[in-house]
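See below for the structure under consideration.
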Amino acid sequence: MSNEAKLELDGKTFTLPTLTGSENEKAVDISALRANTGYITIDDGYGNTGSCTSNITFIDGDKGILRYRGIPIEELAEKSNFVETAYLIIYGELPNHAQLKKFSDLFTENQYLHEDMKFHFQGFPGGAHPMAILSAMINAASCFDDDLMRWQWGRNKQFDIYVARLLSQVRTIAAYSYRKSKGLPLIYPKQSYKYTANFLHMLFSTPYEDFELKPEVVKALDLIFLLHADHEQNCSTSTVRMVASSQANLFASCAAGVCALWGPLHGGANQAVLEMLAQIHKEGDDGSKFITAAKDKNSGKKLMGFGHRVYKNHDPRAKIIKKACDEVLSKLHITDPLLDIAKKLEEAALKDPYFVERKLYPNVDFYSGIIMRAIGIPVEMFTVIFAIGRMPGWIANYKEIMEEPKSRIYRPRQIYTGKTINEFVPLDKRK
Ligand code: COA
């Protein structure tokens, strides 16, 4: 069977090459389409467009599969932790003892922000959203490094240090951004704490008393970071690649990813889930009225935490996190009316033909919000937690695009549907 595609246009037949990925995913290569035919393709929302080839993450949305560098997410969730998984995602292999130690040591060496950055934090108004502070401060952090300011891939020998600095400092910036938004004094990281424990310490300790680090709380948050660590060419990762394709530096590219993640249809969904549950609770609804509204296109409501562009089966991360959610709540002896509403919504939606026919299942955000609430993370920090978790994926995609010898600047086309040539009318003659 031919592995070329044939396209008939304007009475002529064109041949288009195809390619097959390592998991048998198939694509028609249209790179030369415009040059050969004068046509471009239109794919609103990029649902059928492969913007790159990538070795990092594999998703089969119909089967509910997610693997980082070939390793199933279920196995990583059970046997690994966020820092080790970050190494795997960025460098392609699980680290040995020496590599892991070096990676962790670099985190510790690079965790402190430049002292002058404190003045930048002070400039934000009290109500600033931590995602706005996070993206601005990641960009600002790059201004304190001459090499980053004169970034040129290949000339820069210190990529590993920048990787560790970004991964380590995103946590420091995230914690500071929250404390700033609450008018609380900044808490410095501790040398002896591991990644996730240190973040909780910077978030919740006071100058007088260290936050009590319950192992189940640290474990649950570390799991949330790990489950979010990469997810193929989603909105924020494509944004990072888009910015990186112009050869912008690592920090600038990832700061753009934070902005893309902020929206409620992407990373902001975990915050939106909690707000939805709180609203349902406040209105005395058990979820049934809300389900009816979510099915009505005119209501402006959606069942947040349900549906996914890629998963048309269970989101494998949602299964893992649902189990973790039950464990954390029972270990911490927490009963939460919002969790009861969430369970009712899930039960009702999974039986409802509207959701079944559209293959709308709970996604990772549906339960991560409930865990974060249980462990005391404030709602406005939910998307920031997602951003910390997603950083390894953004860095790995950045690295991949930089290492691709044939990489070109991303520059999609469009079909113009506006006015054709139009007359300029002087101001005093306009109606
Ligand atoms: N609640 C109610 N209806 C939903 C829905 C939801 N959460 N998600 C999708 N639908 C409906 C759409 O209205 C559409 O209905 P139609 O076929 O009658 O027009 C159908 O399901 C297909 O949805 P579509 O908009 O094509 O899906 P998408 O791939 O463009 O969007 C999401 C995917 C994730 C943006 C979308 O499901 C959503 O907004 N979910 C809620 C937000 C969320 O949880 N985001 C986190 C993603 S990890």
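Note that ligands are numbered from 1 as they come in the structure, with each ligand's atoms numbered from 1 the same way. Heavy atoms only: backbone and side chains are in, while hydrogens, waters and symmetry mates are out.
- Ile280 pairs with exactly one of Leu338, Asp285, Ile291 by the side chain to side chain contact (heavy atoms under 4.5 Å, CB included) rule, that one being Asp285.
- Of the heavy atoms in Arg358, only side-chain atoms (C-beta onward) come closer than 4.0 Å to ligand 1.
- Ligand 1 has Tyr354 within reach: a non-hydrogen atom of the residue lies less than 4.0 Å from it.
- Each of the atoms 2 (C) of ligand 1 lies under 4.0 Å from some heavy atom of Ala294.
- Side chains of Asn249 and Tyr162: a donor-acceptor N/O pair is absent below 3.5 angstrom, by distance only.
- Note that Arg241 lies outside the cation-pi zone of Tyr410, set by a 6.0 Å cut-off to the ring centre and a 45° limit from the axis.
- Set against the non-hydrogen atoms of Gly305, the atoms of ligand 1 under 4.0 Å away are 43 (C), 44 (O).
- The aromatic ring centres of His308 and His314 sit 6.0 Å or more apart.
- Protein heavy atoms all stay at least 4.0 Å away from atom 26 (O) of ligand 1.
- Closest to atom 40 (N) of ligand 1, if we only count protein heavy atoms, is Phe306 O, 2.9 Å.
- By the definition of a contact as any protein heavy atom under 4.0 Å away, atom 20 (C) of ligand 1 is in contact.
- Closest protein heavy atom to atom 39 (O) of ligand 1: Lys302 NZ, 2.7 Å.
- Heavy-atom contacts of Gly307 reach the following atoms of ligand 1: 34 (C), 37 (O) (cutoff under 4.0 Å).
- Less than 6.0 angstrom separates the ring centroid of Tyr311 from the ring centroid of His231.
- In this structure, Ile395 and Pro392 have side chains that are not in contact, with every pair of non-hydrogen atoms separated by 4.5 Å or more.
- Of the heavy atoms in Leu360, only side-chain atoms (C-beta onward) come closer than 4.0 Å to ligand 1.
- Side chains of Asn397 and Gln233: a donor on one and an acceptor on the other come within 3.5 Å.
- At a distance under 4.0 Å, a protein heavy atom can be found next to atom 17 (O) of ligand 1.
- Taking the ring centroids of Phe82 and Tyr195, they lie under the 6.0 Å cut-off.
- Here the protein heavy atom with the shortest distance to atom 47 (C) of ligand 1 is Asn363 ND2, 3.7 Å.
- Taking distance alone, with nitrogen or oxygen atoms compared against 3.5 Å, Phe355 stays at or beyond that limit from ligand 1.
- Regarding atom 29 (O) of ligand 1, its nearest protein heavy-atom neighbour is Arg309 NE, 2.7 Å.
- For atom 42 (C) of ligand 1, the closest heavy atom belonging to the protein is Met304 CE, 3.4 Å.
- Asp315 places a side-chain N or O within 3.5 Å of a backbone atom of Val364 that can act as its donor or acceptor partner.
- Heavy atoms of Lys297 come nearer than 4.0 angstrom to ligand 1 in at least one pair.
- For the pair Val384 and Tyr178, the minimum side-chain heavy-atom distance is 4.5 Å or more.
- Nearest protein heavy-atom neighbour of atom 1 (N) of ligand 1: Leu303 N, 3.0 Å.
- Counting heavy atoms under 4.0 Å from ligand 1, residue Leu265 touches it through both backbone and side chain.
- Taking every heavy atom of Ala269 and a limit of under 4.0 angstrom, the matching atoms of ligand 1 come to 43 (C), 44 (O), 45 (N), 46 (C).
- The Asp365 neighbourhood of ligand 1 comprises atoms 46 (C), 48 (S), with distances under 4.0 Å to a heavy atom of that residue.
- Enclosure of atom NZ in Lys219 is not indicated, since only 12 or fewer non-hydrogen atoms of other residues, nucleotides or ligands lie within 6.0 angstrom.
- Taking the six-membered ring where the residue is Trp, the centroids of Phe386 and Phe382 are separated by 6.0 Å or more.
- Under a 3.5 Å cut-off, the side chain of Thr292 and the backbone N or O of Ser288 do form a donor-acceptor pair.
- The nearest protein heavy atom to atom 10 (N) of ligand 1 is closer than 4.0 Å.
- Within a 4.0 Å radius of atom 23 (O) of ligand 1, the protein contributes no non-hydrogen atoms.
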